[in-house]
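Below is one structure, written out as structure tokens; the observations come after it.
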Amino acid sequence: MFSIETIGRLHPLLVHLPIGILLFAAALMVFARITKSDLGAAVSFAWGAGAFMALLSCAVGLLLAQSGDYDADMVQVHQWTGLLTAALGTVTFFTKKYRWIPASATVIVLSIAGHYGGNLTHGEGYLFSNGEEAFQAEQSSKPLEEQTAAVSDSTGKKLIRRTFIYRDQIVPVLKAKCYSCHSATKKKGGLRLDTEAFIKKGGKNGSVLAAGNPAKSKLFTYLLLPEGDDRHMPPKGKLQLTRQQIAIIQNWIQRGASFKEEIEVIEQSDGDQPIAALSLLPLPVDSTEGVAAAPEKPDLEATLLSKPVNAPDQQILKKLKAQQVTLTKMAIGSEYLSANFVNTKDFTPEIVQALQGIENQVVRLRLTGQPVGDQDVKHLAQFKNLTRLNLENTKITDSSLTLLAALPNLEHLNLYGTAVTDEGLAKLAASPNLKVVYLWQTRTTPEGVKRLLKARPDLKVETGTQQFVKPDTNKVLTNNSK
Amino acid sequence: MSAHHDEPFRLNTPDLADLNETLDRRAFFQRTASGLGALALGSLLGSAAQASPMSEEKLESIRRQVAPKAKRVVYLFMAGGPSQFETFDYKPKLASMLGKGLPDSVRGGQRLTGMSANQANLPIAPSLYKFDQYGKSRAWVSELLPYTAQVVDELCIVKSLFTEQINHDPAITFFQTGHQLPGRPSIGSWVSYGLGSENQNLPAFIVLVSKNASKDQPLYARLWGNGFLPSEHQGVQFRSGKDPVLFLNNPEGYDGTDREKMLDYLTQLNQVQNESWGDPEVNARISQYEMAFRMQTSVPEVMDTAGEPDEVFELYGPDSRDKGSYAANCLLARKLLEKDVRFVQLYHQGWDHHGSLPKGMVKQCKQVDQATAGLIVDLKRRGILEDTLVIWGGEFGRTVYSQGKLSAADYGRDHHPRCFTMWMAGAGVKPGFSYGQTDDFSYNIVKDPVHVHDVQATLLHLLGVDHEQLVYKYQGRRFRLTDVHGRVVNEILT
């Protein structure tokens, strides 16, 4: 917890004491001279205190320099000017005659030392820059940025587009938000982010960039840590990256973290719009569906769902939703739908007509209890992908069954509580893929069901006739527990 | 293991995207600085990431790639721990061992509850009731369940369940929430959160508690609580009295004509609140008010069983005319399922037979047997059973030895977590099927053990949800119903 390095970090705080006291001592001398007052004792005390604090700051500062987080050359200058300040302050304290000479020297050296110290902490050029300019107008010096290869711009109708994501998008972000601690002047954690080689090399704790894998790149992941986390970058209190800047870095790493210019040849056709910078295109959604589901027995519906289908017309979906029709996707990423009328209060034939626009997408349809008649069922003729149809407690009759029997993929048909009779039932024998029919509370007879089952032994017919045999429960009580 | 745990940082997580949308840094600090203060800080940090209800994209990420087998669940919870010996787990060899001590080799030094640990001996108590084989599946069922025996071909009986909890409250909490300590969401809440409801006028998660059960062990509302999920996902209890849902009816002297207008204004006010604070609980409150308003008409409608023909009451048994009884609740459950309510949870207490078990079991079985079987038949003939999962079972089993004095006609059984029986029926499970096997003493599992988390994983699987993907981030951790466990029991699935 409390290491030598911690003491070293007190330097930027401590250093303001000698600066203040020494400047105050000089000011006191000037004041004494102008007002002709005798402040000799006070001036001496001020110089003594200032010199002592300067020595202390130097000692602590030397410890900080050990950390190696700072640019050695700049530390050198700061270190020696700092020591010189302390020395000159001490000299001033002991000098009685011509004290103004060492005093002036102290103030001058102090200013130089202070300036270099400021550069170390806030980055070079901090004093004379204005933030926005530093962010944009950097097209100059760094070696990497000179890789702009000369390529002839257009050949015939082909358009050559050059993208240099690193130079145009990454460097400005790093410069604005990272360089102050991770570049030539300061390399916190042994990490520099100002050239390709340094970025690839990483810091004291290893690599920060895994090309193609943002989740494994600290350069990206540390940005996402909660701000309270010690590893969060930039550290608490510093200017944070914007969401877009984070996205730019993620996208760059995802696309392979190239440090080179990329050249693409695009066939130009009329009306082509200039293509937006690649980094601003939507990110690929990373797949978390790595878990292999247990293989299910391929039934008809599953096979059907695996076939591609167009996305349903959004206008129609909107219209249906307004009529309280619940539309649910059949499975993840599927365009197939199940439509449920359980919420529909005021059924009108128009709602069923509206369904016609999505006849290829609807796989299951639940019209339970709605006043659906044979007229409405006619609109279902084109629903080739319908596998389950709930028409229980509706007003349909035998005449609908011809049409329903022709639905090629129908597997489950619920007709309980309708006026269907044996006559209609017979038509269902022709339904190619029918598996289950519900016939409880219809006008069908056991004979009619028997005939259907004879024609279609593979069918499961639920007539709802199961009756309980009344057990003699008294027997249990008397026999066993008297 | 899913990739989920390997990638601690993902910009593409719905969590983060949502957080970014609802609350950027600047807005967050502005809000906290301007007086919301430390009080609300916790809840903002904890749950702002989850707006409710789940967006369509988020829903997509938890669902499996195949169409779900089950659309609804009805969970018949037999609270107290029904004995497997007098119901489904037939142990003929015990008949000749009446009163003999339980061999140490069987017990294997396993801990007992404080209630029977100090007993001088552990005398074996065979079932007083006879068993027989029923249906095409020839499953063994006790004579105490004559109606269940008639629908046995619809059941998938799992005899090798085990749990980690030996006492009621932790064991029920474990079954309902996946963790023995209170505070996590109930299964129904998870399902409501993950899948929502196809019926907009009724809650996705409805709870019915039998009034005719002996309340030997208490039930707490937190068993159907939403835990850390947004509040609209908590189970809504429907009661049997004049007010099925408390405080839903208009108060006396108020005709309710301007209710809708009033709620509209209230919603507007809450929206303002929501925009400035971003607390998801405000959204929950808005949707709860809206739901309550719709329920003012939908609940009386669905609770009204007067229109049911006599034949239906006969099917569920005579109790079904007595509102609030288990049988009446089963009938009500059918009506709710018909309306596409996602998750209906029934509780029937009174199965904790430490003493006088034979008498107690007769009473309990009589209360649930016909209604349960009736529910199966009723769901089947209406075509709902094919996409509804029915679950029947308690929180643990009971011991082979008698707790307290054993006589020829009377004995008791202590809690036994190491094996017990439950059954499922309907959507996606094999009908007329029996899974798992216990030893001759129904003390240890010898084949195909099924853990509580496995049941939960299987339940979610049938609903088309990957239990490893249904996660909710709370207090810095991602939570699942199945914690870090759970295996889908594929062997019992069609």
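Of all heavy-atom pairs between A:Arg366 and B:Lys71, the closest is CD-NZ, 3.9 Å.
Here the rule is side-chain contact (heavy atoms from CB on, under 4.5 Å) with A:Gln466, and of B:Ile376, B:Val377, B:Leu315 only B:Val377 fits it.
The 12-atom threshold is not exceeded at CG of A:Asp346, counting heavy atoms of other residues, nucleotides or ligands nearer than 6.0 Å. Residue A:Gln467 places its CD atom among 12 or fewer non-hydrogen atoms of other residues, nucleotides or ligands, all under 6.0 Å distant. Residue A:Lys218 qualifies as enclosed at atom NZ: its count of foreign heavy atoms under 6.0 Å is above 12.
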Let's go through B:Lys380 and A:Trp440 carefully: what are the C-alpha distance in whole Å and the side-chain angles of both, what is the deciding distance for side chain to side chain contact (heavy atoms under 4.5 Å, CB included) to 0.1 Å, and is it a yes or a no? CA-CA 10 Å; B:Lys380 195 180 173 201; A:Trp440 182 53; over 6 Å; no
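Note that CD of B:Glu198 and OG1 of A:Thr326 are 5.5 Å apart. Values are rounded to the nearest 0.5 Å. Here A:Phe468 contributes atom CZ and B:Thr148 contributes atom OG1; the two are 8.0 Å apart, rounded to the nearest 0.5 Å. The OG atom of B:Ser298 sits 10.0 Å away from atom CG of A:Asn343, with the distance rounded to the nearest 0.5 Å. Summarising the geometry, atom OG1 belonging to A:Thr368 is positioned 7.5 Å from atom CG belonging to B:Asp340; distances are rounded to the nearest 0.5 Å. We find the NZ-CD distance between A:Lys435 and B:Glu386 to be 11.0 Å, quoted to the nearest 0.5 Å. The distance from the CD atom of B:Gln150 to the NZ atom of A:Lys470 is 11.0 Å, given to the nearest 0.5 Å.
Only the side chain of B:Glu311 comes within contact range of chain A, judged by heavy atoms closer than 4.5 Å. Using a 4.5 Å cut-off between heavy atoms, A:Val469 contacts chain B through both its backbone and its side chain. B:Ala373 touches chain A through backbone and side chain together, each having a heavy atom under 4.5 Å away. The part of A:Lys345 that comes within reach of chain B is its side chain, from C-beta onward, which places non-hydrogen atoms under 4.5 angstrom from that chain.
Ranked by heavy-atom pairs under 4.5 Å with chain B, the list A:Gln324, A:Glu392, A:His412 is led by A:His412. Between chain A and the options B:Asp410, B:Asp369, B:Leu493, B:Asn199, heavy-atom pairs under 4.5 Å are most frequent for B:Asn199.
Residues forming a side-chain hydrogen bond (donor to acceptor under 3.5 Å, both in side chains) with A:Thr387 (at least two apart in sequence, or on another chain): A:Glu301. With sequence neighbours excluded, the residues that form a side-chain hydrogen bond (donor to acceptor under 3.5 Å, both in side chains) with B:Tyr411 are B:Glu86.
For the 3.5 Å distance criterion, the side chains of A:Tyr416 and B:Arg382 qualify, holding a donor opposite an acceptor.
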